[in-house]
Amino acid sequence: MTIDVERARRETPGCQHVTHLDNAGSSLPTQPVLDAVVGHLELEARIGGYEAHERNEAAIERFYGATAALIGAQPEEIAFVSSATRAWDMAFYSFRFDPGDRILTSVADYISNYLAFIQAAERTGAEVVTVPNDEHGQVSVERLRELVDARVKLIAITHVPTNGGLVNPVSEIGAIAREAGVPYLVDACQSAGQLPLDVDEIGCDALSATGRKFLRGPRGTGFLYVRRTLLERLEPPLVDMRAAEWVAPDRYELRPDGRRFEEWEQDYAGKAGLARAIDYALEWDVGAIWSRVRALGERLREQLAELPGITIRDVGAERCAIVTFDVAGVPARQIKEALARDAINVTVSPTTSAVIESIERDLPDLVRASPHYYNTEEETERLVESVRIAARC
Ligand SMILES: Cc1ncc(COP(=O)(O)O)c(C=O)c1O
């Protein structure tokens, strides 16, 4: 299947106003997503919040089936949460670590994941081990294999890091985790909606993602997947009356499904919107989305690389739609502001978002452009032209 870009743009109201090349930040939602969110909010305003939930239950509950279909899971293995960070935290903080235990992770793992690793290490005496990269700049599968031993209690890897086009070899890592019987947590925040995900093929036990990026859902939404076989052994770090039943004055029983990781109060408009966004992505076919965004990313890199003073910073054997670069002598923020004056949205990936990698690779703050399937080749050319002019200032 190929993407009908014209149709995708017609169904994306923001295309009339901006050249949005910040889909790794927060994408432009589609009209169907907007309708799902606004429709639910209007219903809440008309008949009451709890009543609107009951009336719109099918659209809201669809979230579980749609998410499961997206990642090859069961609906009972899914939790709705407010962000990828909350999803990842609910899984990570469910694991118990003792002094001397090890957590294996990647050089470019997400900033908030690293903050949690550092906190867990300080609290428990566990050790965080950063698996070195290979010659392509991705997690070295060989080094990871050598590092797996009885001390390793968790492998936690970011699939597509926030600060570049890298796609980590999550399935090869999953095969090692399975063989060793070590739980495996994947941060799929930037890959969900951009490339096909299958939790069995990846071999992960838990996977977290956000709604607003390549899935094109509303802000303030995300999901967590936890494999059935692990679910009932993981006690969530926070429990409320959504997660558990109060069965005796001094006792509660946790739900047996993924909803044990949820909060009782939820953004139901957002949940209905995310369900619609995921179904919309499935209707296009995520494989077709991946072919288009990968090609747009590669083309953009080639065109930017031809400009004097531009250095492309993306690494990896496989690269995605996230394109990062810097301009000699011009701060990334200045480039972003110049592009914004031309109604082109990009963002800045600061060195502080990936401290270890920035030090290892001596990276400056980077400009990050991230096309999606609804972007056109003319739009990426406009970006290149704007960068060319901004780079001369
Ligand atoms: C790789 C990665 N993981 C996690 C997150 C956090 O997502 P959220 O802001 O939804 O918590 C981001 C956000 O940019 C990200 O790029």
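Everything numeric here is computed off the predicted structure, so don't read it as measured data. Whatever order the structure lists ligands and atoms in, that order sets their numbers, starting from 1.
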**Arg228 CZ: over 12 foreign heavy atoms closer than 6.0 Å** = yes

**Message:** Donor-acceptor pair, distance only, cut-off 3.5 Å: does the side chain of His159 make one with the backbone of Pro169?
**Reply:** no

**Request:** Kindly check if the number of other-residue, nucleotide or ligand heavy atoms within 6.0 Å of CZ (Arg55) is above 12?
**Result:** no

**Numbered atoms of ligand 1 (with element) below 4.0 Å of Thr85, judged on heavy atoms** = 6 (C), 7 (O), 8 (P), 11 (O)

**Message:** At less than 4.0 angstrom from any non-hydrogen atom of Arg212, what atoms of ligand 1 do you find?
**Reply:** 8 (P), 9 (O), 10 (O)

**Prompt:** Could Arg102 and Glu127 be called an ion pair, given the rule that one side-chain N must be under 4.0 Å from one carboxylate O?
**Reply:** yes

**Prompt:** Using a heavy-atom cut-off of under 4.0 Å, does the side chain or the backbone of Thr162 touch ligand 1, or both, or neither?
**Reply:** both

**Fill in**
ligand 1 atoms nearer than 4.0 angstrom to some heavy atom of Val160 are 1 (C)

**Prompt:** Does ligand 1 have an atom that lies less than 4.0 angstrom from a heavy atom of Lys213?
**Reply:** yes

**Asked** Would you say Asn113 touches ligand 1, if touching means a heavy atom closer than 4.0 Å?
**Response** no

**Prompt:** With the threshold set at 4.0 Å, does a side-chain nitrogen-carboxylate oxygen contact exist between Arg299 and Glu306?
**Reply:** no

**Prompt:** What are the two closest heavy atoms between Arg392 and Arg388, and how far apart are they?
**Reply:** NH1-NH1, 2.9 Å

**Request:** Could you tell me the residue and atom name of the protein heavy atom closest to atom 3 (N) of ligand 1, and the distance to it rounded to 0.1 Å?
**Result:** Asp187 OD2, 2.7 Å

**Prompt:** At what distance is the nearest protein heavy atom to atom 2 (C) of ligand 1, and which residue and atom is it?
**Reply:** Tyr110 CD1, 3.4 Å

**Asked** So, does His159 sit close enough to ligand 1 that a heavy atom of it is under 4.0 Å from the ligand?
**Response** no

**Prompt:** Got a salt bridge between Glu232 and Arg260, using NZ or NE/NH1/NH2 to carboxylate O under 4.0 Å?
**Reply:** no

**From the candidates Val81, Asn163, Thr210, the one that places a heavy atom nearest atom 10 (O) of ligand 1** = Thr210

**Request:** For atom 16 (O) of ligand 1, grab the closest protein heavy atom and report residue, atom and distance to one decimal in Å.
**Result:** Gln190 NE2, 2.9 Å

**Message:** With a 4.0 Å cut-off on N to O distance, would you call Asp267 and Arg219 a salt bridge?
**Reply:** no

